[in-house]
Amino acid sequence: MRMFSVSHKTAFVVDHCPYMAESSRQLIECDMLNKSRSQGVIPLAPVSKSLWTCAIECSMEYCRILYDIYPTWKLVNYIVSDSEVHILNSWKQEDQNTHGLMAALTAVGPPNPRQDPECCSVLHGLVAAVESLCKITEYQHESRTTLMDTADRVANRGRIICLTNAKSDTHVRMLEDCVLETIQEQNKRAAGSDRLMPIQQCELVLVHIYPQGEETLVSDRQKKELSSVLSSEVHSVRAGRYLAGKLNVLVQQHFDLASTTITNIPMKEEQHANTSANYDVELLHHRDAQIEFIKSGDLHMAGSTSRDSGLKETVTLKWCTPRTNSVELHYCTGAYRISPVDVNSRPSSCLTNFLLNGRSVLLEQPRKSGSKVISHMLSSHGGEIFLHVLNSTRSTLEDPPSISEGCGGRVTDYRITDFGEFMRENRLTPFPDSMIDAAGRTPVERAKSQLERYTRYWPMIISQTTIFNMQAVVPLANLIVKDTLTDEDVLTCQKTVYNLVDMERKSDPLPISTVGSRGKGPKRDEQYRIMWNELETLVKAHVGTSERHQRVLDCISACRSKPPEEEERKKRGRKREDKEDKTEKNGKDTEEKGWTTDSERLKGVMEREKDEQSECEIIKDSPDSPEPLNKKPRLATEEQQPPEKSKGPVSLLTLWTNRITQANSRKHQEFAGRLSSVNNKAELYQHLKEENGCVDLTVSLTVYPVITLISHFFCLLTVFCLLGWMFMRMEKPPDDVWNCRIIDLLRGCDVTFGMISNDVFARMLVLCQTKKRKAMFYKDTLFICFSLYKESVIF
């Protein structure tokens with residue numbers, strides 16, 4: 001079935017009464033082109049058009065634009081009304097041209113100002129227009145004969161445009177009432193006739209024309225529904241160019257047209273053939289030629305506003321270099337006929353002749369920056385000019401765009417597979433509306449409710465969810481969105497929660513996305529915390545559905561609440577992992593920045609031992625944890641003395657000595673002499689002191705200095721010579737065993753001779769761990785003996 005809109009029929013009624021012969025008072029200069037005027041020649045007086053001439057010119061321009069853009073299917077019936085009715089054409093297609101109308105108007109002639117006004121009325125023309133709308137056009141007859149079974153569904157709509165000079169608003173209401181009564185009478189006649197059709201909808205457009213310089217007696221009124229069949233609107237316009245602008249706006253509104261202005265058209269000047277200037281030409285076409293601008297948001301409107309003609313908007317396109325090769329094809333999405341607004345102007349005439357000679361012109365969108373975008377092309381086909389819409393975006397013939405080119409930008413990890421399952425579970429099928437459930441909902445309402453439940457929590461990106469990437473959560477996620485849950489469904493959800501608890505106890509890895517994050521990602525405890533939070537969010541979104549949904553949430557809350565001992569153990573575990581990571585990071589930084597201070601290292605060791613001891617106590621108290629293994633007793637933290645800070649620069653030997661000392665201090669009990677020393681010096685032979693009065697060490701050393709010193713020196717020399725000979729002959733064991741042997745041997749020396757300084761102790765270690773020649777070994781041994789002798793005796 002073909003649809004016949006209101007624009008299918010347009011009846012023009014032009015008033016031909018004597019008052020239309022009145023001057024419009026828009027003066028036209030006749031000798032404005034005659035620049036050289038002889039003396040004594042009286043200039044020609046300016047002339048002005050009558051209201052009738054202005055109405056005829058504007059109505060013919062209306063018809064010309066309509067015929068240019070719609071050569072078929074849009075019909076006009078032109079009627080002139082005075083004392084009688086003059087119908088200038090019919091609804092036939094061969095009568096639809098401006099040449100026939102101009103010839104018929106010539107025969108009618110201008111209105112006679114001497115005619116009796118009482119005998120003339122525009123009502124005759126309005127009655128004839130209503131009768132004309134009831135007549136069947138060729139297109140309507142074709143549709144009725146083709147669709148015999150549904151012939152009554154062919155619509156009959158039309159529009160009446162009346163150009164007159166009304167006396168007042170009361171006169172306008174009288175004209176509207178006359179048209180309404182005539183439509184009702186004609187519909188009754190058409191109901192019993194096969195050659196007539198009842199009018200289903202009619203639009204009455206009354207245009208009141210008055211001379212310039214006078215005040216209007218008729219007020220404007222927008223479209224108003226007078227009945228279910230008739231609607232009316234009133235426009236009060238001054239004659240002349242204002243009337244032309246108003247009818248130009250009306251033809252765009254009535255036939256869904258739009259305006260496009262071609263700018264920067266190069267044309268040669270008539271006076272100066274070697275120069276050229278740029279001109280603009282405004283074209284009218286169907287509004288669909290600008291649909292791509294509207295979709296993309298690049299619609300650049302420009303225009304002017306007038307009190308009489310209303311708002312006039314136009315899209316600006318820039319002229320490009322014309323292409324002489326018409327064989328080149330462009331991918332076009334549409335072609336629309338055009339009609340110049342000012343057809344008699346020189347720029348419009350030059351552009352029309354240029355295109356009719358087989359030339360094509362490309363048009364681009366004006367842009368302040370960036371590359372130019374060619375969006376349209378002007379070309380002629382068969383003597384008619386068309387505005388071609390070029391495809392300036394992605395072609396529909398190309399491959400579909402990548403998902404990264406959509407609204408999400410560079411996001412590519414969409415849950416495409418899950419979305420396919422989501423669509424499969426929410427498919428719609430035809431269903432009778434009579435099937436209503438117990439709650440009184442129709443199938444459509446139930447479908448909307450299900451879609452709402454499924455989308456309460458549904459992340460779109462894989463990296464934004466954890467539970468939807470786990471197979472273990474699938475049973476719960478599929479059941480929790482249901483409207484009702486059974487006891488078996490609740491049991492299945494609880495089993496899923498218990499499985500997650502078991503996974504957390506085993507520390508199974510979770511599918512946590514590390515996209516956009518640096519390092520290893522969140523810790524294992526943090527991963528499970530994120531998982532539990534998301535699972536709780538999913539269940540809370542459906543907790544209000546039923547009581548069984550609440551039971552699932554209660555199960556999750558009960559499993560998440562753990563004993564304080566376990567929470568404390570996990571907290572200390574996370575703290576230990578953080579310290580290990582920090583230590584590892586500091587180890588990497590040490591290679592570049594050097595060793596950290598000894599006090600900081602000792603502090604870290606003491607804190608770590610304290611944490612391990614407290615952790616052992618917690619693990620032992622926990623019923624789920626096994627008994628801890630027996631460990632070797634370590635030195636109490638109170639007995640440890642931090643090494644003395646050295647003032648000024650520290651040598652590499654000192655750093656190495658401090659490190660070995662700290663490592664070994666945790667494996668054995670400290671020397672008694674070093675623990676009781678004062679300023680790194682210990683008092684020897686304390687057992688010689690008596691209770692009542694002891695012999696002073698300095699006195700004994702004064703009495704027997706030579707014997708004591710010689711005995712000490714030769715004993716040390718003998719011991720180290722024997723040790724050096726043994727070390728050089730025996731095979732070197734592993735480093736840890738070697739160090740233990742050396743430390744045990746030196747411990748006896750330390751007990752005997754007292755405190756040994758750190759420098760001498762480190763030198764002894766380096767000496768014993770290095771394979772050297774015998775002469776060098778004995779030389780260093782002698783040096784150590786003298787050093788021991790010097791530092792171990794209190795003078």
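Worth saying up front: this structure is predicted, and the values here are computed from it rather than measured.
Although no hydrogens or angles enter the test, the distance criterion places a donor-acceptor pair under 3.5 Å between the side chain of Glu445 and the main chain of Thr442. Without hydrogens or angle criteria, Asp220 side chain to Ser236 main chain gives a donor-acceptor distance under 3.5 Å. For Asn187 (side chain) and Ile199 (main-chain N/O), a donor-acceptor pair under 3.5 Å exists by modelled atom type. Judged by distance alone, with hydrogens and angles left aside, the side-chain atoms of Thr106 form a donor-acceptor pair with the main-chain N or O of Met102 at under 3.5 Å. Between the side chain of Asn77 and the backbone N or O of Ala11 there is no donor-acceptor pair closer than 3.5 Å. Looking at Gln96, its side chain does come within 3.5 Å of a backbone N or O of Ser90 through a donor-acceptor pair. Using modelled atom types, one side-chain atom of Gln212 and one backbone atom of Ala239 make a donor-acceptor pair closer than 3.5 Å. Ser348 places no side-chain N or O within donor-acceptor distance of the main-chain N or O of Asn344, the cut-off being under 3.5 Å. One N or O on the side chain of Arg415 and one on the backbone of Pro459 form a donor-acceptor pair closer than 3.5 Å. Listed for the Ser24 side chain is a donor-acceptor partner under 3.5 Å among the backbone atoms of Lys49.
Among Thr314, Asn248, Ile338, the single residue meeting the side-chain contact (heavy atoms from CB on, under 4.5 Å) criterion with Leu284 is Asn248. Of the options Gln140, Gln200, Lys135, a side-chain hydrogen bond (donor to acceptor under 3.5 Å, both in side chains) to Asn156 is made by Gln140 and by none of the others.
In plain terms, the two heavy atoms of Lys318 and Asn264 that are nearest each other are CE-ND2, 3.3 Å. Here the shortest heavy-atom pairing between Leu451 and Thr455 reads O-OG1, 2.8 Å. In this structure, Gly383 and Leu356 approach most closely via the heavy-atom pair O-CD2, 3.7 Å. Of all heavy-atom pairs between Met20 and Ala55, the closest is CE-CB, 4.3 Å. In terms of heavy-atom proximity, Phe4 sits nearest to Ala155 at CB-O, 3.6 Å. Heavy-atom minimum distance, Gly240 versus Cys58: O-SG, 4.4 Å.
Lys448 and Glu452 are not joined by a salt bridge, as no carboxylate oxygen comes within less than 4.0 angstrom of a charged side-chain nitrogen. Using a 4.0 Å cut-off between a side-chain N of Lys or Arg and a carboxylate O of Asp or Glu, Lys223 and Glu203 qualify as a salt bridge.
For the pair Thr137 and Lys92, the minimum side-chain heavy-atom distance is 4.5 Å or more. Within the 4.5 Å cutoff, the side chain of Trp52 has heavy atoms near those of the Val80 side chain. Put simply, the side chain of Tyr414 does not reach to within 4.5 Å of the side chain of Ile462, judged on heavy atoms. Looking only at side-chain heavy atoms (C-beta outward), Leu378 and Leu363 come within less than 4.5 Å of each other. The closest side-chain heavy-atom distance from Cys178 to Leu175 is not below 4.5 Å. Within the 4.5 Å cutoff, the side chain of Glu233 has no heavy atoms near those of the Leu204 side chain. Annotation: side chain of Val122 is in contact with side chain of Val13 (closest heavy-atom distance under 4.5 Å). Looking only at side-chain heavy atoms (C-beta outward), Arg64 and Ser339 come within less than 4.5 Å of each other.
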Step by step, work out the side chain to side chain contact (heavy atoms under 4.5 Å, CB included) result for Ile56 and Leu105. CA-CA 9 Å; Ile56 294 300; Leu105 287 172; 3.6 Å; yes
Please determine whether salt bridge (Lys or Arg N to Asp or Glu O under 4.0 Å) holds for the pair Arg221 and Glu176, giving the CA-CA distance in whole Å, both sets of side-chain angles, and the decisive distance to 0.1 Å. CA-CA 13 Å; Arg221 192 185 65 201; Glu176 294 173 347; 2.2 Å; yes
Any chance you could lay out the side-chain hydrogen bond (donor to acceptor under 3.5 Å, both in side chains) test for Arg189 and Ser193, step after step, and finish with the verdict? CA-CA 7 Å; Arg189 291 182 54 189; Ser193 174; over 6 Å; no
Going through the distances and angles, do Ser132 and Gln186 end up as a side chain to side chain contact (heavy atoms under 4.5 Å, CB included)? CA-CA 10 Å; Ser132 178; Gln186 292 298 322; over 6 Å; no
Determine, stepwise, if the pair Val14 / Ile79 fulfils side chain to side chain contact (heavy atoms under 4.5 Å, CB included). CA-CA 6 Å; Val14 183; Ile79 301 173; over 6 Å; no
If you apply the rule side chain to side chain contact (heavy atoms under 4.5 Å, CB included), what do you find for Phe255 with Thr10, and how did you get there? CA-CA 11 Å; Phe255 297 98; Thr10 302; 3.8 Å; yes
Give the C-alpha distance, both sets of side-chain angles, the deciding distance and a yes or no for side-chain hydrogen bond (donor to acceptor under 3.5 Å, both in side chains) between Ser349 and Thr352. CA-CA 5 Å; Ser349 178; Thr352 303; over 6 Å; no
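The line from CG of Asn357 to OG of Ser380 is 8.0 Å long, rounded to the nearest 0.5 Å. Here OG1 of Thr333 is found 10.5 Å from CD1 of Ile291. Values are rounded to the nearest 0.5 Å. How far CG of Leu226 is from CZ of Arg173: 11.5 Å, rounded to the nearest 0.5 Å. Between Cys350 atom SG and Leu355 atom CG the span is 11.0 Å, to the nearest 0.5 Å. In this structure, OG1 in Thr263 is found 8.5 Å from CG in Asn278, a value given to the nearest 0.5 Å. The distance from the CG atom of Leu257 to the CG atom of Leu66 is 8.5 Å, given to the nearest 0.5 Å.
Looking at Ser375 and Glu364, their side chains never bring a donor and an acceptor atom within 3.5 Å of each other. Between His86 and Ser81, the side chains place no donor N or O within less than 3.5 Å of an acceptor N or O (distance only, hydrogens not considered). In this model, a donor atom of one side chain and an acceptor atom of the other lie less than 3.5 Å apart for Glu282 and Ser259. Judged purely by distance below 3.5 Å, without hydrogens or angles, the side chains of His388 and Tyr336 never pair a donor atom with an acceptor atom.
A cation-pi arrangement, defined by a distance under 6.0 Å to the six-membered ring centre and an angle within 45 degrees of its axis, is present between Lys9 and Trp91.
The aromatic rings of His8 and Tyr139 stand perpendicular to each other, their planes meeting at an angle above 60°, with 30° marking the opposite boundary. Aromatic ring orientation, Tyr70 versus His286: perpendicular (interplanar angle above 60°, classes split at 30° and 60°). Ring planes of Tyr78 and Phe12: parallel class, angle under 30° (limits at 30 and 60°). Relative orientation of the His381 and Phe386 rings is tilted, given thresholds of 30° and 60° on the angle between their planes.
Counting non-hydrogen atoms of other residues, nucleotides and ligands closer than 6.0 Å to OH of Tyr454 gives a total above 12.
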